[in-house]
Structure formats: C-alpha cells, structure tokens
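What follows is a set of notes on a single structure, which appears directly below.
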Amino acid sequence: MTPDWGKLLKLTLTNPKEAAAEVMLIRRMLSTEALWSTVILVAVLHTLITSLEMWVVPPPPEMVELIPAFFFKPALLAMMAAGAIVLMVFALYWAGRALGGTADLRDVLATFTWLELMMAGAQLVALVLIFFSPGLSDLFSLMVFFWGVWALIAFIDRSQGFDSPMRAIGVLVATIGLMLAGLVIFSLFVGVTAQGVAAHV
C-alpha cells in the first residue's frame, strides 16, 4: 500500500488525532532503521532552513552574543536538532508510560517525527513570507505554534491510547521537564566534545 501523503497532510492539519492513527499504520510498513533515518533527515532539514533564515534575516549585532554558538555551526546545529528529537521521543514515551499510556516506542517515534517534518515545512513557509511581509510571517509563525501544540497533544493522546486530552497535556508537561533536563546534559556534552575537537585542530 502506497501512503496518500496529500491526504495525510490535509488530515494532519484538520484532524491530527486521526492523522496520528494513519501515521501509526504507515509505521508498520517501515523498518526501525528507516524511522531513525527519518529523524536524521528532519534534523538536517531544520538545520538547512534555520541556517538559511539566519542568512536571509541576520540577527542584530547586539543579539549575536546571546545566540548559542552552535547555531552558527551547521554540523553542531544538526547534532543538536537530532538530539532534541531523540530526547523528545523518549521523554514522550517514558512520561506517557508513567501516566498509564500504552504507546509503542516506534509509534511515538513515527508520529513525533512526522509532526516535526510538518513543522519544518511550516518554518520554510514562514521564511518565504518574510519576503512579502515580515508581519505576516510572524503571524503565521504564531499560528503554527498554537497549531503545533494542539496537534502534539492529539498525537500524544492517540499514540498513548488515552482518549483523554487532559492526560495527554499531563504527558506534555512532564515531557517538557524531562526535555529541559536532557537538553542541559546534551548541550554540556556537545560543548565539551566541540572543545576537544577544536583543541586537536
């Protein structure tokens, strides 16, 4: 069976809970290796779009020092993006399980990666809108943020088998806490690794 990607895209925008069910069906046709490869692809897409955005709309000089150094190093940025997705997947899985969810890790991986792919597409649209109207681009980005939260809650609800948006929100809140702790540890690791590499160059 060949997935109808256009239908899935429309369903994700209008009914993310049903879209999550479709993604979970598609996941069963893919190997675990293919799913993890998709994570790398999405991380690279986010990196390319972010780098392009910083080239098109350079940050003000006074803001440059406040931006983490890895944003100016595509390889490190891709590592951070991939690491953030992996951390988020495991955090969603563990938090959901802790709250009585029944998700399969691969379902969480597939649904969240699909949502991240959608967000990368939205990020690209926002970048294009900058050329026509920066205000419109900002408004679009704000709408995407709220849609993304709504869609993520629906994806959590479906993948964990809750049928309860409130429990899904609880998982999201717990996940954010786990994510922040994980990102701090991962950032320290990447920073130490980057310093070690620089010292040997």
Side-chain angles (χ1 to χ4, degrees), residues 1-46 78-123 141-187 189:
M1 181 183 74
T2 301
D4 186 339
W5 298 111
K7 178 183 176 181
L8 180 58
L9 173 61
K10 182 179 179 181
L11 195 60
T12 305
L13 293 172
T14 58
N15 191 339
K17 189 172 181 179
E18 289 301 316
E22 289 294 321
V23 172
M24 289 163 65
L25 287 175
I26 295 172
R27 190 276 296 173
R28 284 157 177 76
M29 298 186 293
L30 303 174
S31 66
T32 302
E33 291 76 14
L35 291 174
W36 287 113
S37 296
T38 304
V39 170
I40 297 174
L41 171 63
V42 172
V44 170
L45 284 175
H46 273 300
M79 286 178 58
M80 290 295 294
I85 293 173
V86 172
L87 285 172
M88 190 70 174
V89 167
F90 278 99
L92 286 169
Y93 174 73
W94 289 328
R97 283 288 193 169
L99 292 178
T102 59
D104 182 293
L105 178 61
R106 289 167 296 180
D107 285 334
V108 178
L109 173 61
T111 53
F112 185 72
T113 303
W114 170 251
L115 184 57
E116 279 298 299
L117 186 59
M118 293 285 292
M119 296 301 284
Q123 185 183 3
S141 296
L142 182 62
M143 292 172 60
V144 168
F145 171 77
F146 286 110
W147 171 85
V149 173
W150 170 61
L152 180 55
I153 291 171
F155 273 37
I156 293 171
D157 192 19
R158 182 62 184 84
S159 64
Q160 293 288 351
F162 286 145
D163 198 23
S164 170
M166 292 307 298
R167 291 176 71 185
I169 291 173
V171 170
L172 181 57
V173 171
T175 297
I176 291 172
L178 291 171
M179 188 69 178
L180 289 175
L183 280 175
V184 169
I185 295 172
F186 187 78
S187 297
F189 171 77

For the atom pair [atom1] ([X]) and [atom2] ([Y]), what is the distance rounded to the nearest 0.5 Å?
{"X": "Thr32", "Y": "Leu109", "atom1": "OG1", "atom2": "CG", "answer": "8.5 Å"}
{"X": "Trp5", "Y": "Thr12", "atom1": "CH2", "atom2": "OG1", "answer": "10.0 Å"}
{"X": "Phe90", "Y": "Leu105", "atom1": "CZ", "atom2": "CG", "answer": "5.0 Å"}
{"X": "Arg158", "Y": "Asn15", "atom1": "CZ", "atom2": "CG", "answer": "11.0 Å"}
{"X": "Trp147", "Y": "Leu152", "atom1": "CH2", "atom2": "CG", "answer": "9.5 Å"}
{"X": "Phe162", "Y": "Ile153", "atom1": "CZ", "atom2": "CD1", "answer": "12.0 Å"}

Would you say the side chain of [Y] lies within less than 4.5 Å of the side chain of [X], judging by non-hydrogen atoms?
{"X": "Met80", "Y": "Ile85", "answer": "no"}
{"X": "Trp36", "Y": "Val86", "answer": "yes"}
{"X": "Leu92", "Y": "Gln160", "answer": "no"}

Minimum heavy-atom distance between [X] and [Y], given as atom pair plus value:
{"X": "Tyr93", "Y": "Ala103", "value": "CE1-O, 3.2 Å"}
{"X": "Ala20", "Y": "Thr111", "value": "O-CG2, 3.9 Å"}
{"X": "Ala78", "Y": "Ala43", "value": "O-CB, 3.8 Å"}
{"X": "Thr175", "Y": "Ala95", "value": "OG1-CB, 3.6 Å"}
{"X": "Leu30", "Y": "Ala34", "value": "CB-CB, 4.4 Å"}
{"X": "Ala110", "Y": "Leu35", "value": "CB-CD2, 4.0 Å"}

Please assess Thr113 against Val23 for the test side chain to side chain contact (heavy atoms under 4.5 Å, CB included), listing each intermediate value before the final yes or no.
CA-CA 10 Å; Thr113 303; Val23 172; over 6 Å; no

So that I can tick it off, tell me whether Asp107 and Arg28 are bridged by a salt bridge, with the cut-off set at under 4.0 angstrom between side-chain N and carboxylate O.
yes

Test ring-ring contact (aromatic ring centres under 6.0 Å, His included) on Phe146 and Trp150; report intermediate values, then the result.
CA-CA 6 Å; Phe146 286 110; Trp150 170 61; over 10 Å; no

Is a side-chain N or O of [X] found less than 3.5 angstrom from the main chain of [Y], in a donor-acceptor match?
{"X": "Gln123", "Y": "Ser141", "answer": "no"}
{"X": "Arg167", "Y": "Leu99", "answer": "yes"}
{"X": "Asp157", "Y": "Ser164", "answer": "yes"}
{"X": "Ser159", "Y": "Val108", "answer": "no"}

Could you go through the side chain to side chain contact (heavy atoms under 4.5 Å, CB included) check for Leu13 and Met118 one step at a time?
CA-CA 9 Å; Leu13 293 172; Met118 293 285 292; 3.8 Å; yes

Can you check side chain to side chain contact (heavy atoms under 4.5 Å, CB included) on Val42 and Met119, steps first, answer last?
CA-CA 10 Å; Val42 172; Met119 296 301 284; over 6 Å; no

